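Below is one structure; the comments refer to it alone.
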Amino acid sequence: MKIGITKFPGTNNEQDVTRVLNCLNVENELLYPRDYRKLKDFDALILAGGFSYGDYLRAGVVAARTSLIDELHDFIISEKFVLGICNGFQMLCEANYLPGVLTTNTSTRFISKWVNIKVNKTNSPLLKGLESKVLRIPIAHYEGNYYNTEASIKQLKDNSQIAFQYCNEKKVVESMSNPNGSIANIAGIVNDKGNVLGMMPHPERSSFHYLGSIDGRSIFENLIEELKC
Amino acid sequence: MYSGKAKDVKIYENNKVKLIFRDSISAFDGEKKDIIQGKGEANCRMSAKLFEILNEYGIRTHYHSMLDNNTLICDKVEIIPVEVVCRNVTAGSFCRRYGVTQGLELLPPVIEFFYKDDELYDPLVTQEVAIQLEWMTKKEVMLMKAVTRAVNTILVELFDMISLQLVDFKLEFGRTHDGRIIVADEISGDSMRLWDKETGEVKDKDRYRKDMGDVIQHYNDVYDKLSKLSKLPELSLSTKAQVIVKLKKTVLDPAGEVTLRSLNRMNYQEIDNVRLGKHVFVNCLTAPSSELLKNLNDMSEKLFSNPLIEDYSIDLWFEEER
Ligand SMILES: Nc1ncnc2c1ncn2[C@@H]1O[C@H](COP(=O)(O)OP(=O)(O)O)[C@@H](O)[C@H]1O
Ligand SMILES: [Mg+2]
């Protein structure tokens with residue numbers, strides 16, 4: 001079992017993800033944009049965050065047009081798992097593997113802080129056992145404002161594809177807890193099959209006690225568990 | 001299919017036409033008419049030669065091949081009823097219309113539009129009117145202007161090599177069955193003004209208009225000199241484009257809001273809406289064409305903008321270097 005972690009010029013979260021996977025004793029390897037032919041050797045892929053290609057034009061779009069992300073098409077079709085974190089989520093949206101787009105925070109500020117997110121019921125094994133829990137988890141982004149058309153938001157709701165929503169400690173999804181202006185407080189979504197998860201918060205930064213939270217760790221554990229079966 | 005003042009157009013196989021050049025010559029919107037032996041042939045081969053040269057530089061034209069001495073095989077097009085005239089030096093109707101002397105250099109070259117209608121004496125028409133009356137679309141004008149300037153750059157340099165000055169010329173454009181805009185009709189001594197750089201001698205249709213004689217001799221002289229050229233001018237044509245990306249009206253623009261509040265604080269109270277967009281400048285290493293415009297559309301859809309939240313518009317033009 002081997003998990004790939006993408007590294008694009010300008011991303012900076014791959015080492016944090018590597019540390020979590022090493023801790024969980026799972027073989028992993030960094031994948032660079034030119035490594036697209038290697039993709040088939042991996043059982044799952046994590047798109048680590050950062051500022052790929054300087055986030056020029058729109059966050060994640062330049063990375064989304066590389067061969068590596070192009071090749072993800074078949075990877076996803078074959079129902080292998082893909083987890084996009086922060087910039088990785090932005091890439092998944094810009095590449096149309098997930099619906100919607102992440103635009104500038106309504107505050108026009110870069111936001112780096114701890115938030116609470118509510119886990120909704122989805123068909124994704126990556127969220128197994130987490131349903132209706134509240135995770136304490138950090139965000140750090142400038143473009144985390146999830147946008148989509150009204151019709152698509154309704155569809156996401158109807159299909160139970162909204163994985164995470166920003167909420168308060170009492171699990172109430174309310175506008176005060178919305179850090180960036182995302183429609184319906186959306187912090188993460190899954191595709192219809194449930195094998196692609198995109199999220200703005202950083203589970204790799206909430207996987208150790210010394211970081212202040214281990215709430216994010218279960219997502220990686222779920223992934224590994226799934227790959228074992 | 002159609003018979004004009006100087007040529008016949010006949011349907012040919014698969015979306016092509018035969019353009020048959022006759023010996024008839026006319027001027028002043030058909031008021032002055034004559035037959036000159038060999039004129040059809042002269043213009044036919046001159047057009048073929050110039051279309052071939054333009055093709056070398058990536059200009060898209062209707063020309064395919066020469067069938068015989070006075071027939072060209074061309075793409076069948078729907079002619080846009082607006083002729084584009086490009087002037088490097090003042091002459092002819094420009095001098096009469098604006099009361100200026102002949103021979104003044106126009107830099108950058110001036111582009112004018114004329115509505116193609118003999119009964120109305122091919123009147124000058126503004127871009128705005130031609131679009132309003134649906135003779136051409138905004139996008140077509142943009143392309144026609146860019147292509148005309150590119151053609152001008154090529155022809156100026158080409159004729160310079162044989163010591164001739166390209167004073168002005170006229171182009172017609174057509175729409176192909178698959179929606180491209182290409183250069184059509186003819187490019188010959190009938191559709192341009194050429195002066196000898198040293199002697200000032202007239203080498204074009206003005207010889208006929210002004211009864212100077214030896215029309216065909218001069219047409220053929222230009223053709224012979226062009227034929228003797230061993231190489232074409234070295235030009236690296238490039239087309240400029242700018243893509244403006246705007247957030248859709250329905251999408252909140254936080255940066256625009258912040259800018260608006262700043263303006264209001266600066267006491268510009270009359271402003272109530274500010275939207276910030278992106279401006280992408282693109283330099284393309286090809287001549288302007290419908291294909292290039294289509295590629296720019298693709299680029300805008302795939303990369304420059306996200307169709308979910310943004311709209312885009314494309315501006316394309318050709319700049320004479322020098
Ligand atoms: N490729 C083409 N397909 C269809 N019509 C064309 C094409 N090229 C030129 N024409 C048209 O053929 C007509 C015949 O030419 P010409 O004798 O110069 O006519 P006119 O008297 O209208 O100027 C013109 O109206 C011209 O616009
Ligand atoms: Mg004509």
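The structure displayed is predicted, hence computed values, not measured ones. Below, chains carry the letters A, B, ... as their sequence lines are ordered, and counting in each starts from 1.
- The contact between B/Leu252 and chain A is made entirely by side chain atoms (from C-beta outward), counting heavy-atom distances below 4.5 Å.
- Of the two parts of A/Ser152, neither the backbone nor the side chain holds a non-hydrogen atom closer than 4.5 Å to a non-hydrogen atom of chain B.
- In this structure, chain A has no heavy atom under 4.5 Å from any part of B/Glu257.
- Taking CG from B/Asn306 and CG from A/Asn96, the interatomic distance works out to 7.5 Å, rounded to the nearest 0.5 Å.
- The minimum heavy-atom distance linking A/Thr104 with B/Pro254 is given by the pair O-CG, 3.8 Å.
- Side-chain contact between A/Tyr147 and B/Thr250 is present, with at least one heavy-atom pair separated by less than 4.5 Å.
- For B/Lys248, the NZ atom counts as densely surrounded, since its 6.0 Å shell holds more than 12 non-hydrogen atoms of other residues, nucleotides or ligands.
- Within the 4.5 angstrom heavy-atom criterion, only backbone atoms of A/Asn105 (N, CA, C, O) approach chain B.
- Heavy atoms from other residues, nucleotides or ligands lying under 6.0 Å from NZ of B/Lys76 number 12 at most.
- Between chain B and the residues A/Thr103, A/Thr106, A/Val62, the most heavy-atom pairs under 4.5 angstrom are made by A/Thr106.
- Contact check for B/Leu303 versus A/Leu57: side-chain heavy atoms found under the 4.5 Å cut-off.
- Other residues, nucleotides and ligands contribute only 12 or fewer heavy atoms inside 6.0 Å of the OH atom of A/Tyr56.
- Atom CD of B/Gln269 has more than 12 neighbouring heavy atoms from other residues, nucleotides or ligands inside a 6.0 Å radius.
- For B/Gln132, the CD atom is loosely surrounded, since the number of other residues' heavy atoms within 6.0 Å does not exceed 12.
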